[in-house]
Each structure stands twice: as structure tokens, then as C-alpha cells.
Trainee: 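Got a structure for you, written out below as C-alpha cells; questions coming shortly.
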2 protein chains.
Amino acid sequence: MELFWEKGFHATSMQDLVSHLGINRASLYDTYGGKEALFDKAFAYYKKTSGAWLEELFQGEASVKQGFQKLFETAIQEAVSDNCRKGCFVVNTTTEMVPGSDKMQHSLMVHKAQIEKLFVGYVQKGLNSGEITSSKSAEELGLMLYTLYNGIRVVSKVDVNPKKLQMVVDAGLSILG
Amino acid sequence: MELFWEKGFHATSMQDLVSHLGINRASLYDTYGGKEALFDKAFAYYKKTSGAWLEELFQGEASVKQGFQKLFETAIQEAVSDNCRKGCFVVNTTTEMVPGSDKMQHSLMVHKAQIEKLFVGYVQKGLNSGEITSSKSAEELGLMLYTLYNGIRVVSKVDVNPKKLQMVVDAGLSILG
DNA sequence: GGCATACTGGAATAGTTGTTCCAAATTTAC
DNA sequence: GTAAATTTGGAACAACTATTCCAGTATGCC
């Protein structure tokens, strides 16, 4: 649900959701069980679809550098075209729900490990093929790019200047060598 | 107020603040005016003290690389020792209040510009002294490091592994050359 | 046509919310 | 000791909150 993504869990009321979805509150409770369960489902869906998209991007682009470039450019484009600046649902949920929900924190840790694995594996592929010439390990490079990606999703909420964001991306990707 | 920092604006009630501060609710309203005004004051205080600390760090450390190393190491140490994982008040507020508050978004933009200026100026100092040998501009490098810093404050809420965080920092700082 | 299922708008529950008011108590200044 | 200022705990206000209940309506199936 875009409302949870845009406003977060606490600032979104069930009444907001009812108005936004256009269905009855009793049906909502029958179908989903409650506010927290509804949020969990929306969040799980987001994680699943964004993870699948990332996997597909990394598998579809043989050039690792191009792949990362595409990833970051997509993040910039999303930021630019997102009028309401909702950013990344995962990043938003990380800052809102940690601390406060051990269950959510655990869920985020599992998701983070999964995405990091994708990043590190993709960098390893570039090192193996010789496309990446850095002397650093795949883990170091992959984790750095993952962290930078998170950072971009935060700063682009405040300042959507594509030129500046592209500068950051170019500088960041330069560590690949 | 640490409660706003830890739980955010929406998840913190006036009742929470009254219990936490141990003063009467009427006094709170007399002194601060209201929940939003109270949040604004706490946030302004945080921005002021963290900005001053950063300025002091950059002015006190002649070696720019050492300065950045110290900055990131402090962020890691804060993450490690912060049991309740409240992260960075500015990053938390960015993700919670944007969108939703134009006033807050403006305030964040101003603050971001100030901190970026500190980062870029410090990198410029390193380039001028020859300590930094990268062919990239101070702006590119400074903005990258600033964005990475934001990213670290997010990911360290989920996973406080100092070794991994240090890897990220080392990889990130390697762009300075 | 009858029955089961699902959805509806309204009402209700119990509690919380931000904020204001008030008489009483405490503190401060002289 | 006294007056003024400040703070206090309780109460109140109006609205909102998550959640449940209900009679009526619509839909699908046999």
C-alpha cells in the first residue's frame, strides 16, 4: 500500500487506508486481520518485488559496471519522478520501526543480508571476469555500494538534483576501478 | 529530546514526553507551546550541536583523511554503543517527515546544504594540500562521502557489525586516492 | 427461489490523542 | 510573612484511534 510507503506505519490511520482503498473497514479486517498485519503484507510484497527486480537486473546485464550504473540511475530517476518523495519503503521502515519492533528489525536484517548477497555476488562476477580491477574484495566493494545506495535513497528525499546525485554515483562507482 | 530521536514525531505522544521528562503537561505547553514546537526545538538543538561537532572535528584534524576516518569511526562506535539503535536524528526525520511537512523539508534542505558544504570544503582542503590525489572534484568526493555517511546511519540501525561497517568505510574512503 | 458468502454504512467500544482549564500547592522574591 | 509567579494533579474538551458488531444488501452457486 502506497500510503504506508509514503507516510509510514504510525502516521497512517485505518481511516486513511479505508478512504484510500475505497473498501469497507470490516472487509479490511476480515481480509487482513488488522493494521499491523496489513502493513506486514504490504512491506513483504514490496521487498519481494524490489528484490526480484534487482535480481533480474543483475542477471540481465552482463556488464557489472553497466548493471550498477543502471541500478543507481534508476534510483535517481525514481527520485526525480516521484512527486511526493516517498523514497524507499525499506529505508523508511528501517528508520521508523527500529527501535520499536524486534520482529521488524529481524525481518529487515534478513532482507538486508539477501540484498547484500546480491550486491557482493555481482561484484564478484565483475572481479572474476576482469571487468573490475580494484584490489579490494567483493565484500568490501559490494557492501560499500549497498550502503551508498541506501544513502542515496535518503538524501534524494531532501534534494532531488539529478546532477548532484549522478556525481555521487559516479564517484561511488569509481571504486570499482 | 531523546524520545523524539528514538521513536520519531508521530510515534511519540505528549503523554510519553510527560512521563519521560517528569514534568507536568501544562508546564510543557507553557514552556514550549505544543508538540510540534517541542519537536522543532529538539531537532534544531540536535542539528546545531552535531553541526558544531563536525565543524570542530574538521578544523581540529589537519589530516583530511584522518578526519574522515575519525568521523566514520565515531559513527560506527555510536552505532555499536547505542543499545536502542536510534541512529541519526536527521536521517530519521528525513524519512519520517518527507513528505508530509514542507516546512520540515525546507529545514532539512538548508541543513543538508550546510553539512555538504563542510564535507566539500574539507575535501578541497585535502586536494589543495596534495594529501588527496584523486582526479575527481571536491564536490564529487565530498557529496559521495556525505551520502555514504547517511547510508551508514541507516544500515547500522539494522546490522551493527563493526567489521562490516569498517569495511564499508575503508572502501568508501579509498576514493580519496 | 433459496441458501451461503461477502460486502456495506452506521454504530459502538474502550482507549488515546493534543490541548486547555482550574483550584490547590509550591516556589521565589522582597 | 506576604504577594506574585510557577508548577501541580486532576479534569475536561473535541477529535481521533484500532477494532468489533450489526442489520441490510449484493453476489454467486445449486
Side-chain angles (χ1 to χ4, degrees), chain A residues 1-47 84-87 89-90 92-108, chain B residues 1-47 84-87 89-90 92-108:
Chain A
M1 274 55 184
E2 284 210 357
L3 263 178
F4 276 137
W5 180 353
E6 178 183 323
K7 301 172 69 170
F9 179 80
H10 294 106
T12 304
S13 67
M14 288 302 283
Q15 184 54 51
D16 289 334
L17 293 166
V18 157
S19 302
H20 183 257
L21 291 167
I23 64 175
N24 185 262
R25 129 192 73 260
S27 300
L28 212 54
Y29 279 92
D30 280 343
T31 307
Y32 294 99
K35 187 182 180 188
E36 191 177 325
L38 184 56
F39 182 90
D40 286 349
K41 282 188 172 71
F43 190 53
Y45 178 79
Y46 178 89
K47 284 188 289 178
C84 73
R85 301 179 186 231
K86 52 188 187 294
F89 199 171
V90 173
N92 293 348
T93 299
T94 300
T95 54
E96 184 188 9
M97 307 298 250
V98 179
S101 171
D102 288 343
K103 198 185 81 174
M104 186 60 67
Q105 184 175 316
H106 179 262
S107 173
L108 286 159
Chain B
M1 271 62 184
E2 284 212 357
L3 262 178
F4 277 136
W5 180 351
E6 176 183 325
K7 301 172 68 170
F9 179 80
H10 293 107
T12 306
S13 67
M14 290 302 283
Q15 185 52 52
D16 290 335
L17 293 164
V18 157
S19 302
H20 183 256
L21 292 166
I23 65 176
N24 184 261
R25 131 188 75 260
S27 300
L28 211 55
Y29 279 91
D30 279 344
T31 307
Y32 294 100
K35 188 184 179 187
E36 191 178 325
L38 183 57
F39 182 89
D40 287 347
K41 283 184 171 70
F43 192 53
Y45 178 79
Y46 178 88
K47 284 187 290 177
C84 73
R85 301 180 185 230
K86 53 187 186 294
F89 200 171
V90 173
N92 294 347
T93 299
T94 300
T95 55
E96 184 187 9
M97 307 297 252
V98 178
S101 171
D102 289 343
K103 198 185 82 173
M104 186 60 65
Q105 184 175 314
H106 179 262
S107 173
L108 286 160

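In what follows, chains carry the letters A, B, and so on, assigned in the order in which the sequence lines appear, proteins first and then strands, with residues in each chain numbered from 1.
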Trainee: Can you run down the salt bridge (charged side-chain N to carboxylate O under 4.0 Å, His left out) pairs that involve residues 19-29 of chain B, sequence neighbours left out, and say none if there aren't any?
Mentor: none
Trainee: Check whether any side-chain N or O of B:Asn92 sits under 3.5 Å from a backbone N or O of B:Glu6 as a donor-acceptor pair, and report yes or no.
Mentor: no
Trainee: How would you list, by chain and number, every residue that makes a salt bridge (Lys or Arg N to Asp or Glu O under 4.0 Å) with A:Lys7, sequence neighbours excluded?
Mentor: A:Asp16
Trainee: Does A:Lys35 have any salt bridge (Lys or Arg N to Asp or Glu O under 4.0 Å) partners at least two apart in sequence or in another chain, and if so, which?
Mentor: none
Trainee: Quick check: closest heavy atoms across B:Leu108 and B:Val98, and the distance to 0.1 Å?
Mentor: CD1-CG2, 3.8 Å
Trainee: Can you list the residues that meet the side-chain hydrogen bond (donor to acceptor under 3.5 Å, both in side chains) rule with B:Thr95, with sequence neighbours excluded?
Mentor: A:Thr95
Trainee: Could you pull out all residues at least two apart from A:Thr12 that satisfy side-chain hydrogen bond (donor to acceptor under 3.5 Å, both in side chains)?
Mentor: none
Trainee: Do the rings of B:Phe4 and B:Phe9 sit parallel, tilted or perpendicular, given the 30° and 60° boundaries?
Mentor: parallel
Trainee: So, does B:Ser107 use its side chain to make a donor-acceptor pair with the main chain of B:Lys103 at under 3.5 Å?
Mentor: no
Trainee: Along nucleotides 3-10 of chain D, 5' to 3', which nucleotides get a B, which get an S, and which get a -, given that the test is a protein heavy-atom distance under 4.0 Å?
Mentor: ----SBBB
Trainee: Near DNA chain D, under 4.0 Å by heavy atom, which residues of residues 97-106 of chain B?
Mentor: none
Trainee: A:Lys86: which residues meet the salt bridge (Lys or Arg N to Asp or Glu O under 4.0 Å) condition with it, sequence neighbours left out?
Mentor: A:Asp82
Trainee: Under the side-chain hydrogen bond (donor to acceptor under 3.5 Å, both in side chains) rule, collect the residues that match up with A:His10, sequence neighbours excluded.
Mentor: A:Glu96
Trainee: What are the 5'-most and 3'-most nucleotides of DNA chain C lying under 4.0 Å from any heavy atom of chain B?
Mentor: C:dT17 to C:dC21
Trainee: With sequence neighbours left out, write down each residue that passes ring pair (Phe, Tyr, Trp, His ring centres under 6.0 Å) with B:Tyr29, or none if nothing qualifies.
Mentor: none
Trainee: I'd like a list of close polar pairs between nucleotides 14-18 of chain D and the protein, N/O only, cut-off under 3.5 Å.
Mentor:
unit_1: D:dA18; atom_1: OP1; unit_2: A:Lys35; atom_2: NZ; d: 2.7
unit_1: D:dA18; atom_1: OP2; unit_2: A:Met14; atom_2: N; d: 2.8

